[in-house]
Amino acid sequence: MLFRSSKTGSQTMNRTPIAVGIDLGTTYSVIARLDNLGRPVTLVNAEGDKITPSVVFFDGANIVVGKEAAKALATDAPAVADCAKRDMGQRFYHKLLGGRQFPPEAIQALILDKLRRDAARMVGSVDQVVVTVPAYFDEVRRKATQDAGFMAGLKVLDIINEPTAAAIAFGFQEGFFDPQGAGSAKRNVLVYDLGGGTFDVTVMQIEGTHFRALATDGDVRLGGQDWDQRLVDYVAEEFIRTIGIDPREDPNTDGRLRRECEDAKRTLSTRLKTTIVCDYKGQSVKLEITRQKFQEMTQDLLDRTAFTTRQTLQAAGLTWQDVDRVLLTGGSTRMPAVSEMLRELSGKPPDTSVSPDEAVSHGAALLAGMLLSKQGGKRPTFEIKNVNSHSLGLVGVDPKTDRRRNVVMIPRNTVLPAAHKKVFRTQKPKQSSILMQIVEGESMSPDDCSQIGKCTVYPLPKNLPARTPIDVTFRYEENGRLAVMVSVAGKSLKHELVRDNTLTQEQLDSWRTFITSRPDAP
């Protein structure tokens, strides 16, 4: 939350909260607020840009975030962290930085901290925000995102799925929020969200100010970065063929080549051909790349998104004839092949009316505004109903095979919030505890699912007889976070949910102090 203030002497007067939303992207991040008329507006960073590269450079004792950090990929690549969003849910970022291991949440927090500090220069102190996540993020990654916000000195009011945020921004832009009811007709909107590092597709039903997700799917490791990598590999293989050495073996050369290829990809969105130059060890290769060649070498990536799109539409119980709009969001949707594929698939021209870079942050700002209004006792201006992107289950043992299996309790695409009660029974008299392993995923095998963690109920009431029923309720909240309630004979019991690869509160506090109190921060 931002505060705009007028000061008299040392007194701060008329502190008015301003709603803030952050699109914490894999390759670029954006922060937006609501203006005095309740319209979402993007805030520029300290460099004067609307988008901030999600890159962190550990320059000795100093930490640099954003555009200058991205430049350092060409000169100091081993000390640069990029695409940390893809490592969320893991214990550590995939490489050492300055000889030190960092949790990906800390790198994300440094990006959030820059956005917070830059916004404060323009409109005042930043405190509470809504942060977006890919719809296909599992519970562990969602928890890690909230932790990153805490470490950056922010109170995360909520997290919202990126396609849902884009749909809200679209609804606002189309006038669906008009109190006169101009946008009250029911519409089915398919949101195709291809960002720098993740892909989501969500089918939304919009009726006035009511936004309901019917189905969602995606891939947290598919995005524009993969299109870039195809160009990198193509150029490198040509370099090997003509020169005999691999330019990717040097991190700085690889970093320069990645930037060249990203620029080439952008050029090919507006031109039919471009040139990529690669210099390494005094040798140089210059290659002309046509749009057609680029589309051929990345066709399988596009096909993966098409398959997921068809599957999601089927899961929503709709056909293309039922879809009113195909909404594009995410910077990678600028590639002409994306619009061509969706036009062929749906028979409709894709809707590009919302900014692919800004729509998600604008939707988050609108949600932040609504939440702040609710805190002030006002009636919500719109309503969101989401679905879970992964099935929630418990690890059990099949009595016939004696093998561990995933027992699904809340299937994917269930409207949230959703709850399921499971009755456990004590196995022996005076049993002191119960241990449950919780997973997300569709596979029958727990090993192929995402491990959320373990829930321990301890201590149980004394002197319970064998076969005493213990009620355990698992609840998926609207934002995809998990809550667990345990009771026996109607009395709540203490329990501890320990998530895999999650930082302790002590570690979170330590990182928060480190990030928000950095002497090198501008």
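Note that the numbering runs from 1 along the sequence shown for the chain. Please read all numbers here as calculations on a predicted model, not as lab measurements.
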Hey, are [X] and [Y] close enough for a salt bridge, meaning a charged N less than 4.0 Å from a carboxylate O?
X      : Y      : value
Arg230 : Asp233 : no
Lys143 : Asp147 : yes
Asp279 : Arg256 : no
Lys71  : Glu68  : yes
Arg481 : Glu139 : yes
Asp138 : Arg141 : yes

Taking everything shown except [X] itself, do over 12 heavy atoms lie less than 6.0 Å from its [atom1]?
X      : atom1 : result
Arg100 : CZ    : yes
Lys50  : NZ    : no
Glu506 : CD    : no

- [ ] Check whether any side-chain N or O of Asp87 sits under 3.5 Å from a backbone N or O of His94 as a donor-acceptor pair, and report yes or no.
- [x]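 Flag set: sc Asp87 to bb His94 pair under 3.5 Å.
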Open item on the list: Tell me whether Arg325 forms a cation-pi arrangement with Phe176, defined as NZ or CZ under 6.0 Å from the six-membered ring centre and within 45 degrees of its axis.
Closed with: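 Geometry flag: not set, cation outside 6.0 Å or 45°.
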Task: Given Asp228, Thr274, Thr298, the one that forms side chain to side chain donor-acceptor pair (under 3.5 Å) with Lys265 - done: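 When Asp228, Thr274, Thr298 are each tested with Lys265, the side chain to side chain donor-acceptor pair (under 3.5 Å) holds only for Asp228.
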Open item on the list: Test salt bridge (charged side-chain N to carboxylate O under 4.0 Å, His left out) on Arg117 and Asp113; report intermediate values, then the result.
Closed with: CA-CA 6 Å; Arg117 293 175 188 268; Asp113 182 62; 2.6 Å; yes
Side chains of [Y] and [X]: any donor to acceptor distance under 3.5 Å?
X      : Y      : value
Thr52  : Ser29  : no
Thr216 : Asn161 : no
Thr333 : Tyr192 : no

Task: Criterion salt bridge (charged side-chain N to carboxylate O under 4.0 Å, His left out) on Asp357 and Arg334, from CA distance to verdict - done: CA-CA 10 Å; Asp357 296 322; Arg334 289 190 174 93; 2.7 Å; yes
